[in-house]
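Values below: every heavy atom of this structure, side chains too, minus hydrogens, waters and symmetry copies.
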Amino acid sequence: MRRPRGEPGPRAPRPTEGATCAGPGESWSPSPNSMLRVLLSAQTSPARLSGLLLIPPVQPCCLGLSKWADRPLGGGPSAGPVQGLQRLLEQAKSPGELLRWLGQNPTKVRVHHYSVALRRLGQLLGSRPRPPPVEQATLQDLSQLIIRNCPSFDIHTIHVCLHLAVLLGFPSDGPLVCALEQERRLRLPPKPPPPLQPLLREARPEELTPHVMVLLAQHLARHRLREPQLLEAIAHFLVVQETQLSSKVVQKLVLPFGRLNYLPLEQQFMPCLERILAREAGVAPLATVNILMSLCQLRCLPFRALHFVFSPGFINYISGTPHALIVRRYLSLLDTAVELELPGYRGPRLPRRQQVPIFPQPLITDRARCKYSHKDIVAEGLRQLLGEEKYRQDLTVPPGYCTDFLLCVGSSGAVLPVRTQDPFLPYPPRSCLQGQAASSPTTRDPAQRVVLVLRERWHFCRDGRVLLGSRALRERHLGLMGYQLLPLPFEELESQRGLPQLKSYLRQKLQALGLRWGPEGG
């Protein structure tokens, strides 16, 4: 029968997702790839992602047959209602409708229906960027239904229901998960405890596709999730699949390590990346530079790769490409890292005529979250405390780092008017001036430059005290160039109640550095 125009037809599962199609009378088991896709699309917490990634998949040979799996769906006195419920589950339009079919038909629900429901739920959540919320009453009804019937489940269905509970966000110490875990333990044969081994060994990277691991890496980087178990699993996957990965995939897998300022424990991580860069550096120039950018944030720059990207042939090649400007900006940053952090490097460098400012303006995240920033109130506090002529806001210093607030301080500790000073320290820093204050050509008074650094909440990894890689790199380089940094953490700024209290806070911070100034302005 011809399908009406505009009506979508059934979609076959993609082979790359690793899903196993179930035939009549067979149970469907979610693969690690398909479950990880669903959990990422549902914005699942890192703990649940770790649980899925580190639990080895259940092998069908050890599960045994379901007591319902050997019944033909098309025959028998109760086959009609059971098969009809399966069709309803497969055609459900929303998670709430799907769960209502299970909760309102307890006499028709069979073991394999939970597998069908999980598969349909994964399709619904995976097809929407923001899945609709499921009513709590419906979830509670489903929870009670599963708890009541789980003593009759086989081990396979118990595993499926555990995945369903994780997907829907049931707490790990709640009654549903506890009941299923108890039933799972009762059905597992006793065995000796396994030898102690790192969590990384349980990850089974060969069972996950590069595309799924890229999704995981992007999820961690986008949400600033510095989760060691997941990051170690990505590093292990990269090492195991080294020969199968292109540099375009590797750049995405390496991205969260630099962004989250996390150097993995995997000993072969850096040797593996060096081999990949040596093999594919000339194939994908932008991917090569992106990998080096991540390694630059980790302070792990390989000399051989630097020789390649600073070679005249590579620079001439990228000059005629559409992404020439962004590559030149990255190369300028890499050249700065070589200048400041690699004194033993003796290879080629980026020519001066090719260098461009690295970050000539505040970063995108700061501009997007400006209404949540403390910059305006700190600026007003400094204006009233020091006066407008004694600080500069958002000044970009060579080689292109934007500073939040910059002060010029004399040898006696007096805060000097910025207009009478050269606010920039020389770059590249001269050896005779490293570790010393620069001499101002206007006043002949040895002056140091103090940079007040705002450390906003989004400058850190989520739920941690570790600065993001780009922020740590900027502070590290400013310090190596001779600027004295005065961090202003967001916890301290958020604890100030009103402008008078903030001024007192800033006064204490500046006085702790030995700075002094005249009467308050304003």
* Take S311 and Y317, measure what side-chain contact (heavy atoms from CB on, under 4.5 Å) needs, and give me the verdict at the end. => CA-CA 10 Å; S311 65; Y317 173 75; over 6 Å; no
* **Spatial distance of atom SG (C272) from atom CG (L277) [nearest 0.5 Å]** => 9.5 Å
* **Approximate separation, where rounding is to 0.5 Å, of L225 CG and L260 CG** => 7.5 Å
* Asked: Do the non-hydrogen side-chain atoms of V239 and P271 ever get within less than 4.5 Å of each other?
  -> no
* Apply the test side-chain contact (heavy atoms from CB on, under 4.5 Å) to residues H459 and E475: give CA-CA distance (whole Å), side-chain angles for both, the deciding distance (0.1 Å), then the verdict. => CA-CA 12 Å; H459 295 169; E475 293 190 13; over 6 Å; no
* Structure fact -> Residues R224 and F460: closest non-hydrogen pair is NE-O, 2.8 Å
* Is the NZ atom of K390 crowded by more than 12 outside heavy atoms at less than 6.0 Å? -> yes
* Asked: Should S412 and R516 be marked as a side chain to side chain donor-acceptor pair (under 3.5 Å) after you check the CA-CA gap, both sets of side-chain angles, and the distance that decides it?
  -> CA-CA 9 Å; S412 62; R516 59 181 183 84; 3.2 Å; yes
* Structure fact -> In this structure, CD of E181 is separated from CG of L176 (nearest 0.5 Å) by 10.5 Å
* Structure fact -> In short, P348 meets F310 closest at the heavy-atom pair O-CD1, 3.3 Å
Table please: side-chain donor-acceptor pairs of residues 293-308 below 3.5 Å, with sequence neighbours left out.
residue : atom : partner : partner atom : Å
Q297    : OE1  : R259    : N            : 3.3

* Asked: Between E494 and H374, is a side chain to side chain donor-acceptor pair (under 3.5 Å) present by the stated rule, with each step listed?
  -> CA-CA 8 Å; E494 289 177 354; H374 295 88; 4.7 Å; no
* Asked: Any side-chain heavy atom of R328 within less than 4.5 Å of one from I318?
  -> yes
* Asked: For the side chain of S332 and the backbone of I358, is there at least one donor-acceptor N/O pair under 3.5 Å apart?
  -> no
* Asked: Does K509 NZ have over 12 foreign heavy atoms under 6.0 Å away?
  -> yes
* Asked: So does K375 pair up with E456, basic N to acidic O under 4.0 Å?
  -> no
* If you look at every heavy atom in E232 and E266, which pair is closest and at what distance? -> OE1-N, 3.6 Å
* **Residue from L425, L407, V418 passing side chain to side chain contact (heavy atoms under 4.5 Å, CB included) with R449** => L425
* To do: Take Y262 and V466, measure what side-chain contact (heavy atoms from CB on, under 4.5 Å) needs, and give me the verdict at the end.
  => CA-CA 9 Å; Y262 182 85; V466 179; over 6 Å; no
* Structure fact -> For L488 and L506, the nearest pair of non-hydrogen atoms, with its separation, is CD1-CD2, 4.2 Å
* **Interatomic distance, Y483 atom OH to Y401 atom OH [nearest 0.5 angstrom]** => 12.0 Å
* Asked: Are side-chain heavy atoms of L493 and L454 found at a separation under 4.5 Å?
  -> yes
* Do other residues, nucleotides or ligands put more than 12 heavy atoms under 6.0 Å from the CD atom of E491? -> yes
* **Non-neighbouring partners of R226 that pass salt bridge (charged side-chain N to carboxylate O under 4.0 Å, His left out), sequence neighbours left out** => none
* Asked: Rounded to the nearest 0.5 Å, how far apart are SG of C408 and CZ of F424?
  -> 10.0 Å
* Structure fact -> On a heavy-atom basis, the closest approach of R474 and D404 is NH2-OD2, 3.8 Å
* For side-chain contact (heavy atoms from CB on, under 4.5 Å), just list the numbers for E280 and T288, CA-CA rounded to whole Å, side-chain angles, deciding distance to a tenth of an Å, and then say yes or no. => CA-CA 8 Å; E280 298 205 7; T288 299; 5.9 Å; no
* Would you name the heavy atoms of F405 and V378 that are closest together and state the gap between them? => CE1-CG1, 3.6 Å
* side chain to side chain donor-acceptor pair (under 3.5 Å) assessment of E380 paired with Q384 -> CA-CA 6 Å; E380 180 61 21; Q384 296 188 19; 2.8 Å; yes
* Who passes side-chain hydrogen bond (donor to acceptor under 3.5 Å, both in side chains) against R222, sequence neighbours left out? -> none
